[in-house]
Undergrad: 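One structure, pasted below without further comment.
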Amino acid sequence: MKRILHDATYSDRILQMTADTMLLIDSRGICQDVTTHSNLSFLKEEALLGRNIFEILPKHTHDKIYPEFKRVLDERVTVTKNYKLPLEKDTFYFKCVMYPFDDMVLCQYRDITERCNVRLELEKANQKLKVIQKSSLIGQWVYTQADGILEYKGYTNTLLSEENVQRIPFKEYLKNVVEEDRDSLEQWLQNNVKTTEENSFEFKVYHNEQLDYLKTEKLVIKLNDDGSLNKIEGYTQNITNIKQQKSDINLLTRAINNATEDIFAAKTDGTLIFANRKFKQHHRISNHKCLSEIKVYQMPYGIINQEKWQEVFASTKIGSSKNFITQNPFPENNEILAFEETVYCITNDAGEKSIWVFGHDISERIKYEAQVKRLNMIMDITMKNLPASIVVKDVNNGFKYIYRNKEANYKTIEDYNSSIGKSDFDYHPFEMARKRRLEDMNLVKDKKEVRDIIENIDEYGMPIILDRRKVLIENKDFSPIIINIEWDITQQEMMKREILASKEKAEISDKLKSAFLANMSHEIRTPLNAIVGFSRIIADSDNTDERMEYYNIVEANNERLLQLINEILDLSKIESGIVEFTLDKVNLHMLCRETYDAHVFRCPKGVMLIFDESDPELEITSDKNRIFQVLSNLIGNAFKFVKEGSVRYGYKKIGEYVFFHVQDTGIGIAEDKVGQVFDRFVKVNNFAQGTGLGLAICRTIVERLGGTISVKSAPGEGSTFTFSIPCHTPETEEEKDRKDLETGGMAMTKTDCSDKEKTTATILVAEDTDSNFDLLNAILGKTYHLLRAKDGVEAVRMYGEEMPDLILMDIKMPNMDGLSATKEIRKSSIDIPIIALSAYAYAYDREAASEAGCNEFLTKPLSQTILKETLNRWLSI
């Protein structure tokens with residue numbers, strides 16, 4: 001047998017038939033030899049022989065092939081790889097096998113461009129198929145009859161939904177199928193084994209706790225050589241969305257048919273293409289009537305004529321809508337007053353235009369609007385006639401008005417619409433408007449209702465009082481608003497104030513009356529105590545000097561009591577008009593000198609009375625005695641409150657008036673009491689003697705003489721009383737027949753009590769009035785050792801230092817009263833007898849003394865017998 005393949009003479013012929021292009025390349029990359037079997041121009045001998053192959057290769061190909069070339073040279077191995085050759089116009093793919101050949105490399109080149117292009121096209125087709133399958137939710141499956149295995153891959157977004165092939169027994173797969181579809185699916189699969197007809201099956205599965213609808217269809221049946229079933233191949237699609245869309249369409253159709261609105265659609269020429277149930281009922285269209293036979297403008301109860309229909313169609317643009325109202329659309333149905341239609345123009349997929357109309361009965365709205373209009377008219381008339389200014393502001397629109405019924409001067413606005421869009425700055429001065437704007441902003445911030453009273457003056461200068469309420473209203477249905485209501489309560493408020501003033505005056509009068517009665521009890525009993533006590537002692541005394549001393553005390557207290565009675569009678573007679581004022585020429589300088597002579601000897605120790613020299617020639621027409629009375633009261637009042645310093649007085653003429661002044665360096669008057677000093681029964685210092693009537697009498701006299709009186713004072717800086725008298729006081733006919741007022745003075749004599757030797761017991765006497773202590777000293781001084789404390793503070797201190805056997809405690813004393821002093825002493829001792837002595841004689845005074853810790857309560861004027869019996873009883877215990 002001839003071995004042709006081993007015969008060298010046939011090698012070139014065989015190589016021509018079987019081999020590709022071959023290149024022999026040295027280590028430098030120079031092509032030493034080439035045999036080509038290609039028609040490509042870049043593979044011809046003249047293009048390759050003797051040239052450096054790697055220099056003519058594109059960079060991409062060079063970078064891939066050169067490392068392998070070096071590897072063949074260095075490691076003496078054979079390398080087979082595919083390479084891409086991108087040229088200017090085309091891209092080629094080739095397979096290259098490199099063999100080591102001595103110190104060179106033999107490269108075998110095979111063109112695989114066509115095969116690669118086919119593969120790329122297949123890859124693109126597969127990629128498109130994947131995209132289609134993903135978008136359509138399709139997956140592929142293969143069922144093998146022999147082992148009952150289901151192989152699956154794809155994109156159904158449900159069970160067995162992955163790109164990689166999954167294998168599961170068909171019985172296991174059925175467990176995820178809804179129970180009612182399992183048998184049917186298994187039966188469908190078995191039936192497809194017996195027939196070649198294509199058919200599909202729909203079933204439901206549970207996946208990720210949701211129900212999915214699937215549709216499956218067979219594609220290929222593979223049989224074994226004996227005709228038995230081998231495999232069935234098919235696809236499955238997730239049709240849940242399709243089912244849902246069909247369901248939505250059905251639901252939408254039912255909803256449209258059950259809508260309360262009339263819904264219909266028509267072509268350009270008016271031919272109906274759709275009408276819901278409500279529309280058919282209103283227009284009496286039978287369900288069996290073909291809609292294409294009916295024109296919109298030819299219906300028995302048509303809502304529009306042909307001309308109107310063409311006008312509506314022409315004016316409605318695609319994608320826009322148009323509204324119109326038809327009054328009394330159904331003449332036989334009086335309950336439907338009007339219909340409102342909304343018209344839309346749309347095009348279908350074929351580009352055909354159609355009109356869709358949605359109409360609804362607006363009868364209730366018309367009735368409601370009419371009712372609202374009537375109520376608005378009623379409310380508008382009501383608010384215009386209310387005695388209140390009502391302003392409604394839109395918070396989100398710069399606090400601009402949306403309602404306003406009155407102008408700034410509370411004049412009614414006939415047309416409230418004229419105020420809409422305006423603000424406070426359009427009606428009020430800038431500062432007032434700015435203040436109101438700040439109030440509105442704070443109201444929005446704090447969300448708290450504002451309620452206050454505003455007082456203004458109207459254009460006629462009359463007071464106007466407003467009760468203002470400002471409220472923020474927020475609601476989800478509209479932007480927040482502020483309602484400002486200002487009620488005119490001028491009349492009510494003025495009446496209320498008059499009533500309150502009267503009530504306050506009555507209450508003050510009642511309090512003053514009670515205080516006056518209590519004060520009168522004290523002021524009367526105090527001098528009476530000295531008068532009664534010393535009168536008895538005078539009768540029992542044989543010592544002439546002693547009797548004279550006691551007589552002087554009785555006389556001083558008589559004057560004090562007389563002055564008290566005179567003041568009460570004075571005020572009563574002056575106010576009732578009984579007292580006459582005698583007008584005559586008065587030399588003021590002589591009057592002031594007489595005043596000085598009458599009071600200088602009454603100055604307290606350490607106090608100087610100074611007459612500020614004034615015009616010695618000044619004469620006026622007035623009542624000399626009343627002016628003297630006023631000056632005397634003011635100077636005597638000043639003496640009570642000056643411990644050291646001076647009391648100055650004088651006068652000067654200013655215009656037609658003479659201004660008198662009485663200035664002291666005393667303790668002054670508290671600011672809250674300055675305005676009360678001229679009221680009746682008011683005493684700015686409860687410890688000073690007096691009725692509280694002196695200054696009230698001064699004011700009454702001065703006002704009757706045609707003048708005024710005032711005071712300036714500060715605590716610790718003294719007081720200055722000023723009163724004015726006209727130079728010529730006109731005399732009335734009644735005054736000519738009246739008698740002169742008589743004034744009385746009060747002389748007070750103070751004697752110090754010297755300590756006596758202690759006899760049987762020591763008694764601490766707490767008494768601020770000298771005459772009262774002198775009386776006690778005269779009654780008890782020969783029997784007991786008396787110690788004197790002039791106020792409550794001193795009584796507490798002396799008790800701790802002297803430890804007396806008994807305490808006689810006056811209730812009313814400066815610095816600390818007797819009740820407070822008793823409470824302090826009781827903190828140290830509960831055994832010391834304390835007997836209260838007081839000119840207050842009411843039951844509640846006794847109760848207060850008992851609660852403070854006093855053992856007995858004796859009332860002034862004192863009875864010597866009761867006093868001595870009380871002392872004997874307590875000191876003998």
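In this text, all values refer to a predicted model and were calculated from it rather than measured experimentally. Positions are given from 1, in the same order as the sequence printed here. All heavy atoms count here, side chains included; hydrogens, waters and symmetry mates do not.
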Undergrad: Any carboxylate oxygen within less than 4.0 angstrom of a Lys/Arg side-chain nitrogen, looking at R51 and E55?
TA: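 Salt bridge flag = no for E55 with R51.
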Undergrad: May I ask you to check whether over 12 heavy atoms, not counting those of R365, lie within 6.0 Å of atom CZ?
TA: yes
Undergrad: Closest heavy-atom contact between Y93 and K84?
TA: CE2-CG, 3.9 Å
Undergrad: Hey, could you give me the SG/CD1 distance between C31 and I56, rounded to the nearest 0.5 Å?
TA: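 It comes to 8.5 Å.
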Undergrad: Is any side-chain heavy atom of K400 closer than 4.5 Å to a side-chain heavy atom of I420?
TA: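 A side-chain contact under 4.5 Å is absent here.
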Undergrad: Considering only NZ, NE, NH1 and NH2 on the basic side and carboxylate oxygens on the acidic side, decide whether E293 and K289 come within less than 4.0 Å.
TA: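 Counted as a salt bridge, because a side-chain N and a carboxylate O are separated by less than 4.0 Å.
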Undergrad: Short question: side chain of N276, backbone of I256 - any donor-acceptor pair under 3.5 Å?
TA: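 The answer is yes, because a donor-acceptor pair under 3.5 Å joins these two groups.
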Undergrad: Any salt bridge between D26 and R28, counting N to O under 4.0 Å?
TA: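 Answer for the salt bridge query: yes.
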Undergrad: To the closest 0.5 Å, what do you measure between CD1 (I263) and NZ (K278)?
TA: 11.5 Å
Undergrad: Does the side chain of I25 come within less than 4.5 Å of Q32's, by heavy atoms?
TA: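 Heavy-atom side-chain distance check fails, nothing below 4.5 Å.
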Undergrad: Determine whether Q140 and Y152 satisfy the following criterion, side-chain hydrogen bond (donor to acceptor under 3.5 Å, both in side chains), listing intermediate values before the conclusion.
TA: CA-CA 6 Å; Q140 302 171 7; Y152 192 93; over 6 Å; no
Undergrad: For residues L472 and V444, report the shortest heavy-atom separation together with the two atoms involved.
TA: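 Heavy atoms only, the tightest pair is CD2-CA, 4.0 Å.
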Undergrad: Could you check whether E341 pairs with K322 (Lys NZ or Arg NE/NH1/NH2 to Asp/Glu carboxylate O, under 4.0 Å)?
TA: no
Undergrad: Only one of F274, F264, Y344, F279 forms a ring pair (Phe, Tyr, Trp, His ring centres under 6.0 Å) with W356, so which one is it?
TA: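 Only one of F274, F264, Y344, F279 forms a ring pair (Phe, Tyr, Trp, His ring centres under 6.0 Å) with W356, namely F274.
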Undergrad: Check whether D446 reaches the backbone of K448 with its side chain - one donor and one acceptor, N or O, closer than 3.5 Å.
TA: no
Undergrad: Quick one: pull up CD in E180 and CG in L185 and give me the separation to the nearest 0.5 Å.
TA: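 Atom-to-atom, E180:CD and L185:CG are 12.5 Å apart.
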Undergrad: So, taking the atom named NZ in K215 and the one named NZ in K243, what distance separates them when rounded to the nearest 0.5 Å?
TA: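 Taking NZ in K215 and NZ in K243, the distance rounds to 9.5 Å.
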Undergrad: Between atom CG of N241 and atom NZ of K246, what is the distance when rounded to the nearest 0.5 Å?
TA: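 Between N241 CG and K246 NZ, I get 12.5 Å after rounding to 0.5 Å.
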Undergrad: Is a donor on one side and an acceptor on the other found under 3.5 Å between the side chain of S200 and the backbone of T216?
TA: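 Flag not set: sc S200 to bb T216 has no pair under 3.5 Å.
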Undergrad: Within a radius of less than 6.0 Å around NZ of K280, do more than 12 heavy atoms belonging to other residues, nucleotides or ligands occur?
TA: yes
Undergrad: I need the S27 OG to M104 CE distance, nearest 0.5 Å.
TA: 9.5 Å
Undergrad: With a 4.5 Å limit on heavy-atom distance, are the side chains of R277 and N258 in contact?
TA: yes
Undergrad: With a 4.5 Å cut-off on side-chain heavy atoms, are L87 and P58 touching?
TA: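 Touching, per the 4.5 Å side-chain cut-off.
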Undergrad: Any side-chain to backbone donor/acceptor pair from S286 onto H288? Under 3.5 Å, distance only.
TA: yes
Undergrad: Under 4.0 Å between a side-chain nitrogen and a carboxylate oxygen: does that hold for K295 and D269?
TA: yes
Undergrad: Is it true that R182 and E179 make a salt bridge, defined as a side-chain N closer than 4.0 Å to a carboxylate O?
TA: no
Undergrad: Do the side chains of C96 and T80 get nearer than 4.5 Å, heavy atoms only?
TA: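 Contact flag for T80/C96 side chains = no.
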Undergrad: Tell me, do F92 and F94 make a side-chain contact under 4.5 Å, heavy atoms counted?
TA: no
Undergrad: Please determine whether side-chain hydrogen bond (donor to acceptor under 3.5 Å, both in side chains) holds for the pair D394 and S479, giving the CA-CA distance in whole Å, both sets of side-chain angles, and the decisive distance to 0.1 Å.
TA: CA-CA 7 Å; D394 188 344; S479 63; 3.1 Å; yes
